[in-house]
Amino acid sequence: MLPQLLPLLLQLQLAVNGTNMAQFLARIGRVHQLQAISIVHSAGATGAGFLDALHLELHQEHNYFQLLPKLIATEHSAEQLNSVTHEQTLFVIFARDSKDPIIELQAERARGRRYCKTFFLLRRDEAQSDLSSFFEYLWQQGFRSALVMVAQRRLYHMDPYPTLRVLELSAMQDAVTLFPPLNRRDFMGYKLRVPVQLDVPATFWYPTESHQLQLDGAGGTLIRELMHHLNVCLELYPLYINGSNNINMPALVQLVAEQRAELSPHQFTTLQRFNSVDYSYPYAVLPRCFMLPLAAPFPRSIYVILPLQPTVWLGLLMMLLLVLLMRYLKRRLMPQLPHLHLWSLLGVPGSQAGYYTNMCWSRFARCLLFCGVLVFAAFIIVQLYATKLTSLLTVSPSPKPSVTLPELLRLPYRILVLPGDVNGIVSAFGHATQFRRQFYFTNDNDFYAQRMEMSAGYIYPISTLRWRFLSLQQRYLKHKRFWLSSLCYGTFPAQFQLRIGSHFLEPLHQFELHANEAGLPEKWRRLYYYRAKQLGFVRDFASVEHFERMHEVRPLALNLLSSVVYLYLIGLLVGLGAFLLEFVL
């Protein structure tokens, strides 16, 4: 089969006609096991009768494409090809020259299929500089497996690694290697220069010993490891917009769409998709919830009441029933000992214990059993109360946070949002009028800076993944600043932004899957928080107690003895109650 292709190539270089072209395309389809063919042509790109002969030959019985789908289009066709063509489709484009508008039209219509094998036939001859610019355009548009015939006699394809080179194919070229390989595992030192902006925890960077910038963070680490795996030379440059280096997604998308950046190394929650770029496979699909300021802690004046939980009240009630039962048994079973008190059975000193020396031992044993149960119950109740009170004095309890949608709308805090957040919130919860009164719009820089600092006085929408990172800043606080409510909306993917048809799209997808299977994101997450803290991007919100513990400073104040005073007062109260109960009984 392959030896028969060589004379056909020679024949194509000498005199191309529709019949020979159909046989050439059939050989390509058979070698690569293609499933369809799409032919696009512009006016003046072929000679008279060429297309008729080509179509007739493609329908012949011996032709490979006879029973396979065939799509014919011109410059006036407007349909998208990715929805009607197979992934294993051969695209054949007849153009007048490298500046023919049909090429740009094909790039627009073949979005999602640009990686397929594409055969460009340019009728006019091209200078070497124009041909290099044409292949540069094809590479930027994502035609990674492109074969170009110029002036019906010369065949070219490109090798982009490590730099783009245009290679002329000989007449003896093997049919398998006519098209460049679609996917490679080694990019041979391909240089990738990308812009970076600050988006903690997803993306940040730091200088190495060689004064080069190194990516870090949830998305930055993934991109860095992927490029190392693909043998790509990654170069970073900070991107400032209006003097700020905080994340500005519209500006990054514009850079990628204008071919000034091949990809964006920012793993960002996609709230609004842009058609001018491609997006990676979702790293995670997460809802966005409201991050609310936490209410003030309980005042210490009510700490004495807080330990009285239902279990303590139930114990007190059972003990009271036992005391009443003991009084009843004493009067019913021992009427001959009118001076015997209940406290004498409990062994309380000075309670006339000698009166029951001649008592029946069986009755006395039953009384002692009830008394033992009474003493044990009192011990358990005291321990429950004392343990709970001690734990309350050790930490600062706060009211258990919970909020409903009506309560959220009645809170005195404004909701700090970006314009892209509004549609998702309103479409999920409704109440557009109430929400718009509570929204406080700001720019990207202020929004991310205030949310990172957990500035009080606002409610922030945030993804659950980012919340887990930000909440680490308040782990040393006795009283936390914010909490994550259960009012969530939508499912938004965390994705990277890439050039349309980028050759990094499929390797990034596979690398994400393997990294998640190996548990690498969890390992990286434990590292990039401490590195971000070392670089000053985040900080631990230290309370006064944490500051004193770190610097071994303890100011003199009466609140140091508050725990002792509370325990002493509650002890006096319990002792007074016991004496009153003894006097009554």
Side-chain angles (χ1 to χ4, degrees), residues 197-204 217-219 244-250 266-272 284-296 398-432 434-475 477 479-494 529 532-533 537-541:
Q197 291 187 315
L198 188 61
D199 181 29
V200 180
T203 307
F204 57 93
S244 174
N245 192 229
N246 288 328
I247 184 72
N248 189 323
M249 186 48 60
H266 298 83
Q267 190 184 81
F268 195 75
T269 303
T270 305
L271 303 179
Q272 180 181 1
V285 180
L286 304 166
R288 287 174 69 85
C289 307
F290 289 110
M291 181 175 117
L292 282 77
L294 197 60
S398 301
K400 186 177 181 180
S402 63
V403 67
T404 61
L405 182 59
E407 292 173 347
L408 176 69
L409 296 175
R410 290 195 298 267
L411 289 176
Y413 307 111
R414 302 288 296 275
I415 303 176
L416 194 67
V417 295
L418 295 173
D421 293 316
V422 174
N423 291 334
I425 295 175
V426 173
S427 61
F429 298 107
H431 302 278
Q434 295 90 328
F435 269 114
R436 294 189 185 278
R437 286 199 301 263
Q438 203 163 358
F439 284 150
Y440 185 83
F441 293 93
T442 185
N443 55 48
D444 297 75
N445 296 333
D446 293 340
F447 177 81
Y448 294 113
Q450 293 196 46
R451 191 175 66 178
M452 179 64 64
E453 288 291 329
M454 292 187 168
S455 300
Y458 291 105
I459 299 173
Y460 304 93
I462 189 173
S463 65
T464 53
L465 185 63
R466 191 178 293 265
W467 162 255
R468 287 198 295 268
F469 179 86
L470 293 184
S471 61
L472 291 176
Q473 298 183 106
Q474 58 179 358
R475 66 187 185 277
L477 294 178
H479 176 61
K480 311 301 181 185
R481 292 188 179 183
F482 281 84
W483 64 284
L484 189 67
S485 71
S486 58
L487 289 176
C488 304
Y489 60 96
T491 50
F492 301 96
Y529 176 79
K533 186 173 68 172
F537 296 125
V538 296
R539 62 187 177 90
D540 290 332
F541 300 135

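What you see is a predicted model; the values in this text were computed from it and never measured.
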* Asked: What do the steps show when you test Ile462 against Leu484 for side-chain contact (heavy atoms from CB on, under 4.5 Å), and what is the final call?
  -> CA-CA 9 Å; Ile462 189 173; Leu484 189 67; 3.8 Å; yes
* Could you check if a side-chain atom of Gln474 sits within less than 4.5 angstrom of a side-chain atom of Trp483, using non-hydrogen atoms only? => no
* Asked: Do the non-hydrogen side-chain atoms of Arg436 and Val422 ever get within less than 4.5 Å of each other?
  -> yes
* Asked: Are Ser471 and Phe482 close enough, and set up right, to give a side-chain contact (heavy atoms from CB on, under 4.5 Å), and what steps lead you there?
  -> CA-CA 8 Å; Ser471 61; Phe482 281 84; over 6 Å; no
* Asked: If we only count heavy atoms from C-beta on, is the Asp540 to Arg475 side-chain gap below 4.5 Å?
  -> yes
* Asked: Can you check whether Asn248's main-chain N or O pairs, donor with acceptor, with Gln197's side chain at less than 3.5 Å?
  -> yes
* Could you tell me the separation between the CE atom of Met452 and the CZ atom of Phe537, rounded to the nearest 0.5 Å? => 10.0 Å
* **Listed partners of Thr270 passing side chain to side chain donor-acceptor pair (under 3.5 Å), at least two apart** => Gln495
* Residue pair Leu408 / Ile459, side-chain heavy-atom distance below 4.5 Å -> yes
* Heavy-atom closest pair, residues Asp446 and Asn443 -> N-OD1, 2.8 Å
* Given Asp199 and Arg466, is the side-chain contact (heavy atoms from CB on, under 4.5 Å) satisfied, shown in steps? -> CA-CA 11 Å; Asp199 181 29; Arg466 191 178 293 265; 3.2 Å; yes
* Just how far is it from atom CG of Leu411 to atom CD of Gln438, taken to the nearest 0.5 Å? -> 6.5 Å
* **Phe439 and Asp421, any side-chain heavy atoms less than 4.5 Å apart** => no
* Asked: What pair of heavy atoms forms the shortest contact from Gly457 to Pro293, and how long is it?
  -> N-CG, 4.5 Å
* Asked: Out of curiosity, Leu271 CG to Leu418 CG, how far, rounded to the nearest 0.5 Å?
  -> 8.5 Å
* Structure fact -> Nearest heavy-atom contact between Leu487 and Phe429 is C-CZ, 4.1 Å
* Find out whether Asn246 and Asp444 are in side-chain contact, i.e. whether some heavy atom of one side chain is under 4.5 Å from a heavy atom of the other. => no
* If the plane angle is over 60° it's perpendicular, under 30° parallel, otherwise tilted; pick one for Tyr529 and Phe469. => perpendicular
* Please walk me through it: do Glu453 and Phe541 pass side-chain contact (heavy atoms from CB on, under 4.5 Å)? -> CA-CA 9 Å; Glu453 288 291 329; Phe541 300 135; 4.2 Å; yes
* Asked: Between atom OG1 of Thr442 and atom OH of Tyr448, what is the distance when rounded to the nearest 0.5 Å?
  -> 11.0 Å
* At what distance, to the nearest 0.5 angstrom, does OG of Ser427 lie from OH of Tyr489? -> 9.0 Å
* To do: Over all heavy atoms of both residues, which pair between Tyr460 and Ser455 is shortest? Give the atoms and the distance, please.
  => OH-O, 2.8 Å
* Closest heavy-atom pair and its distance - Leu470, Met454 -> O-CE, 3.2 Å
* Min side-chain heavy-atom separation Val417-Phe441 under 4.5 Å -> yes
* Structure fact -> Looking only at heavy atoms, the pair that brings Ala494 and Gln267 closest together is CB-CG, 4.2 Å
* Structure fact -> dist Leu405:CG -> His431:NE2 (nearest 0.5 Å) comes out at 4.5 Å
* **Side-chain touch Ile415/Phe290, heavy atoms, less than 4.5 angstrom** => yes
